[in-house]
Amino acid sequence: MVYQIKWSRSIGEIIASLLVSCFLLSLVYFYISASSGALNAHERSAGLNVQTSSTRGDGHFISENIGRENMRNKNPKTTPVLSCDLTDFRSEVCEIYSNVRIHGSSSSILFTSEKTVSLEANKTWRVRPYTRKFDAFAMEKIRAVTIRPLVASTEAPKCDLYHNITAVVFSSGRYVGNFFHDFSDVLLPLFITARQFEGEVQILISDMQLWWIEKHRRVFNQLSNYEIIDFNKENRVHCYPRAIVGLYSHAELTIDPSRTPNNYSMVDFSRLMRRAYSLERDFAINLVERSKRKPRLLIIARNHTRKIINVGAVVDVGEELGFEVVVSESSFRTSVGEFARMVNSFDVMMGVHGAGLTNQVFLPTNAVLIQIVPFGNLEALSELDFGKAAANMMLKYLQYSISEEESTLIDIYPRDHVVFRDPMSIHKQGWAKMGKIYLRQQSVKLNVTRFKPFLRRALELLT
Ligand SMILES: *[C@@H]1O[C@H](CO)[C@@H](O)[C@H](O)[C@H]1NC(C)=O
Ligand SMILES: *[C@@H]1O[C@H](CO)[C@@H](O)[C@H](O)[C@H]1NC(C)=O
Ligand SMILES: *[C@@H]1O[C@H](CO)[C@@H](O)[C@H](O)[C@H]1NC(C)=O
Ligand SMILES: *[C@@H]1O[C@H](CO)[C@@H](O)[C@H](O)[C@H]1NC(C)=O
Ligand SMILES: *[C@@H]1O[C@H](CO)[C@@H](O)[C@H](O)[C@H]1NC(C)=O
């Protein structure tokens, strides 16, 4: 609980100051605290709407907390009419396989089946369809969708529209606009959940914001051949043979192929990105092949916190090693497509931990990502966020931890301060304190002598 309370307050501050990218680490921080066992009993009962055995009806038609094999089982004799997994750490998902009737404006989903007679009468299931279930602040404003089997078919509302495809219902939720969360919370989970239908799926979004849909329109167009429905505003009853409520999610910014319907992986996701944005390069430069072109290095600059204050010196070293170097801020002013095409033209991308590194999804295969980790014991968090994704996309990944001398914190705190002596004790004071010092007060001044071997290593990795 301690983490939760402090964390919420700090998020408020951050949103107020529009330092959106700052909170990236906070969430992972919370995630780590929670997943490493800090999830106490109260959080468990508040967060997990676990269905108990009494809801299972006769055991044939409702399956809850199903394993992967059940999910893949397409045998009509054994397919349940409703199958929910409400115990996962990241998300709640229900799949309905029979006569689904969706009334968006009342957030209700009904279904009928000859088998529903065996369901517990009037039992409803509640799903909060956003993938940060472990994060109380994120979930607070997510509208729950209720799912209810209809006992008598006469009770069923009339279908205003019938679609012979699958419906996927989810919330675009809390953190949209932060590039990391756009991908980690929504686009990747949507890919995991909907890619299997090869476009024959209708997307219904709760808490929808049109500007955000437009921002990622090309990705949605890759996943669905149909128009997107603004769930909360839709007053007509839409009917489908099948629906998935909620999105599957495996980890921050990545996919576990063994848990996707067709073994889809981050490699498949980056292929989809290339198609969506017509990215030209599938592979990074191979220096063995002696192309005339120089290898290209992109430095993702941050403008507010965690800046590289001597970026000019880094550019010089890069050029000295034979790179063509470009410094760019991933800016809200640029369209995603424009920035994606630019990123795709590089062979190495480097930057200090932050949402801008999400742009790695546009890099060509075999390209190198160098993540600069600020001072303060942030290595594990940084790797969890971006390192895993890079490896899973078949990028090469290097992580550079700055030394005390490279941190601007030495201009603020004396060298014998606890900030330097014992970062873990700051972490233990909760995220607000940790984030204030190590994320918001800190910028980096790279020691180019110390950093240069990493750029050299990146060159080696391009052969
Ligand atoms: C279920 O709900 C309907 C309508 O709300 C009601 O008429 C019916 O009596 C309820 N059934 C049970 C068993 O509670
Ligand atoms: C729905 O589509 C399936 C094939 O995807 C087809 O077999 C079935 O007949 C269709 N049903 C209706 C009612 O159109
Ligand atoms: C998924 O991968 C596993 C292991 O690599 C393989 O045995 C299985 O056949 C694959 N399944 C599909 C549907 O490609
Ligand atoms: C970065 O910040 C400076 C001053 O804070 C501002 O002048 C500049 O326009 C910003 N750059 C971008 C790309 O937003
Ligand atoms: C920069 O790094 C080099 C190599 O690790 C080291 O010898 C040197 O002392 C560092 N310079 C500063 C100013 O810390």
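All ligand and atom numbering here is 1-based and tracks the order in the structure. The chain is numbered in sequence order, starting from 1. Just so you know, these numbers come straight off a predicted model, no measurement behind them.
The aromatic rings of His216 and Phe179 sit parallel to each other, their planes meeting at less than 30°, with 60° as the upper class boundary. In this structure, His163 and Tyr240 have parallel ring planes: the angle between them is below the 30° cut-off, well short of the 60° mark.
Arg242 forms no cation-pi arrangement with Tyr97, by the criterion of a distance under 6.0 Å to the ring centre and an angle within 45° of the ring axis.
In this structure, atom 9 (O) of ligand 5 has no protein heavy-atom contact shorter than 4.0 Å. Counting protein heavy atoms under 4.0 angstrom from atom 2 (O) of ligand 5 gives one or more.
Here the heavy atom of the protein found nearest to atom 6 (C) of ligand 5 is Asn447 ND2, 4.2 Å. Looking only at heavy atoms of the protein, atom 5 (O) of ligand 2 is closest to Asn164 ND2, 4.7 Å.
Put simply, the residue from Phe183, Tyr248, Tyr264, Phe197 that forms a ring pair (Phe, Tyr, Trp, His ring centres under 6.0 Å) with Phe191 is Tyr264.
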